[in-house]
Amino acid sequence: MPFDVPVIVVKPSRGWVSLKLNELWHYRELLYFLTWRDIKVRYKQTVLGAAWAIIQPFFTMLVFSLFFGRLAKIPSDGIPYPIFAYAALVPWAFFSNGLSQSSNSLVDNANMLKKVYFPRLVVPLSSVISGVVDFILAFTVLLGMMLFYGIYPTINVIWLPFLLLLTLTTSLGVGLWLSAMNVQFRDVRYTVPFLTQFWLFATPIAYPSSLLSDPWRTLYGINPMVGVVEGFRWALLGRDTAPGPIILVSSLVALALLVGGAFFFRRLERSFADVV
Amino acid sequence: MSDIAIRLDGLGKQYRIGGQQEGYRTIREAMTNAFVSPFRRARGLLRGQPYGVAELDETIWALRQVSFQIKRGEVVGIIGRNGAGKTTLLKILSRITEPTEGQAEIYGRVGSLLEVGTGFHPELTGRENIYLNGAILGMRKSEIDYKFDEIVTFAEIEKFLDTPVKHYSSGMYVRLAFSVAAHLEPEILLVDEVLAVGDWGFQKKCLGKMQDVVHEGRTVLFVSHNMSAIRSLCKRAILLEQGTRTFDGETLTAIAAYRSSMESDRTSRDSLQFKPVDSKAQIMAIRLLTKPQEHESFDYTKPISFEITSEMRSEISSIYLGITIYNEYEDRLIFWRDFELMPELLEPRIPGLYVYEVTIPGHTLPPGYYRIDVALVELAGLTLLHWPQEFLTFEVSDYDSVRILRGLPWKSLSATPLGLNIQIIPKGCRQSIS
């Protein structure tokens, strides 16, 4: 007999368990297909279809411009308020949609969890990644607005992929915690809309973080979305706000959220099929 | 390296079941509990315990101390009645759920089919679902590409390949789902009752496909209630009863053991006496009056009679005895209140014993398994006076209809024949008649 026959040992696990990232890699095609499914299905049977990906951040931008920009006269670091808000709303929409999709992902795919084995991490991961398409759509509008306002990006734009990754990490990190808890406590489903709403105002989207002075401004980066938003404005709109320290703090927090979330998820995973 | 494919060693799975919640005695207690229990639950959750464990400790062992070995290339049937632990066993072996104790070793790539069509999305087309479902079952994209035409041909859906599956008939849906599953080629295959899908013709085709799998020398664990499928596919069968292995060996002997365990159950089910309850009226007993034909089953063309004895302990007005007949799929086929069958019963009922003789006419129930559920209900407020929750069960068979002699399946919930009258006008006669 060949020696490369895989041996699977099935036995009860206790406590914290390994992430089994190699197995996750092995199942990358499933990740691809689930992401692809989420993308294809997302706007089925809607009249406006993928336009929703643009409508959401765009109309929020209009409302913000009217109330915060015009009426409340909130400063925008010398940039036209609409693009100041929109440049933040594009990554925000990616984050908040990814967060709510992934939080509900396990419950929504309950039947799959009960009938087939695969690394469960694939489920929330694919629901966050599938949001990238929406991000790209909303981003093209951002490019259009930049042309309109005559704002050209600086060389710092090369950091954009990293900033997108930071958004994804934050979204997935929080999504892992929430999705695993959602399996046991459906309360999570009702908490997420609140959470994203509060988080929206806790992030400098409608206002600039430069309202704070320095030790506090850097510390503000504990909310990883602060780093993302400031980074986007810095890279695209050419604001010389030196967001480096904020982004560093944000990246560390996001990474901690992700790693902690992944272990927490794996720990709860053993009861998913029984309780979902 | 041995020739063992699966080795189980004292495998057990405990489930926690929610018992009766204790009633709150005071409002303060209720509020304290409402406030404290989320925290207690959260603590339990962090320890990796499923929801609600802190309060409810009732548990059952779905599987207990199961050990056996399966050799490479062996095809083994797992039989047992519902709730015996068959599906739990497959779920543990396919790593969907973890065992509570013991361990299992599996040598080789495992594919499990606990259901066909898992992950099918109604909005996606047949083609898209083949890829999605294949990936969920653990196939590589290249593997699906390679088998794509075969899958489509087997499912007979060529024309609808690019139609969303929500527009498929249920037959087409099931054919496509099974077809993807049938082309999974792992070294070890775990199958749970998936042959019971589709129409009869397709079932035969599925069975044929399973036979191919078996002949290819793969290791298969096969759960089914279909004894003829088990017999034709497996040389060895394992009988599970209440989570433990009670027989393991030659298939025919295992099936006989299974039948006799069912039989001992059934004989006690053609007559039931109920324990006295504290109520102004109760059902005392129920029994079958008609004796079944051979194999303990009734001919579907013949009437079936049963007797229900109830007792009124005081004069009661507006009460009824409800009689319900369910089939094995829990469809409520027949329901009558006694006064609907006999309007005199609307009068107040004097105390005493009421012995009902109830008859199900012939040509009513198609072949299958049925249970009779009875209850005494007070019309005012529809209060249940007595519901024994024990059921008379019986089987109905088709022995010699044209249908069965031709090997055609029963497809209906009712066996009521249609009246039929035909006038044949041969070709060429039409003009002369008009």
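In what follows, every chain begins at residue 1, and chains take the letters A, B, ... in the order their sequences are listed. These numbers come from a predicted model, not from an experiment.
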Chain A contact via B:E101 - which portion, at a heavy-atom distance below 4.5 Å: backbone
Nearest non-hydrogen partners of A:V10 and B:I106, listed with the distance: CG2-CD1, 4.0 Å
Heavy-atom side-chain proximity of A:K40 to B:L132 below 4.5 angstrom: no
Residues, nucleotides or ligands: over 12 heavy atoms within 6.0 Å of B:E98 CD: yes
Approximate separation, where rounding is to 0.5 Å, of B:I92 CD1 and A:K11 NZ: 15.0 Å
Neighbour count >12 (heavy atoms, 6.0 Å) for atom OH, B:Y146: no
N/O donor-acceptor pair under 3.5 Å between A:E29 side chain and B:A135 backbone: no
Over 12 non-hydrogen atoms of neighbours within 6.0 angstrom of NZ in B:K166: yes
Exceeds 12 heavy-atom contacts within 6.0 angstrom, atom CD of A:Q197: no
Pairwise side-chain contact, A:M112 with B:I136, heavy-atom cut-off 4.5 Å (strictly under): yes
Options A:F272, A:Y117, A:Y27, A:F33, ranked by heavy-atom pairs under 4.5 Å with chain B, top entry: A:Y117
Shortest non-hydrogen separation from B:I96 to A:K114 and the atoms involved: CG2-O, 3.6 Å
Reported OG1-to-CZ distance for the pair B:T100 and A:R270, which is rounded to 0.5 angstrom: 11.5 Å
Chain A interface, residue from B:R95, B:K91, B:E105 that has the most non-hydrogen pairs under 4.5 Å: B:R95
CA sep, side-chain torsions, deciding dist, call: A:N111, B:E115, side chain to side chain contact (heavy atoms under 4.5 Å, CB included): CA-CA 10 Å; A:N111 194 44; B:E115 178 191 69; 3.1 Å; yes
Minimal non-hydrogen separation, B:G102 against A:P12, with atom names: O-CD, 3.2 Å
Sidechain N-carboxylate O distance under 4.0 Å for B:K13, A:D274: yes
Heavy-atom closest contact (A:I8 atom, B:G108 atom, distance): CD1-O, 3.9 Å
Euclidean distance, B:R140 CZ relative to A:L30 CG, rounded to 0.5 Å: 10.5 Å
Structural part of B:K141 lying under 4.5 Å from a heavy atom of chain A: both
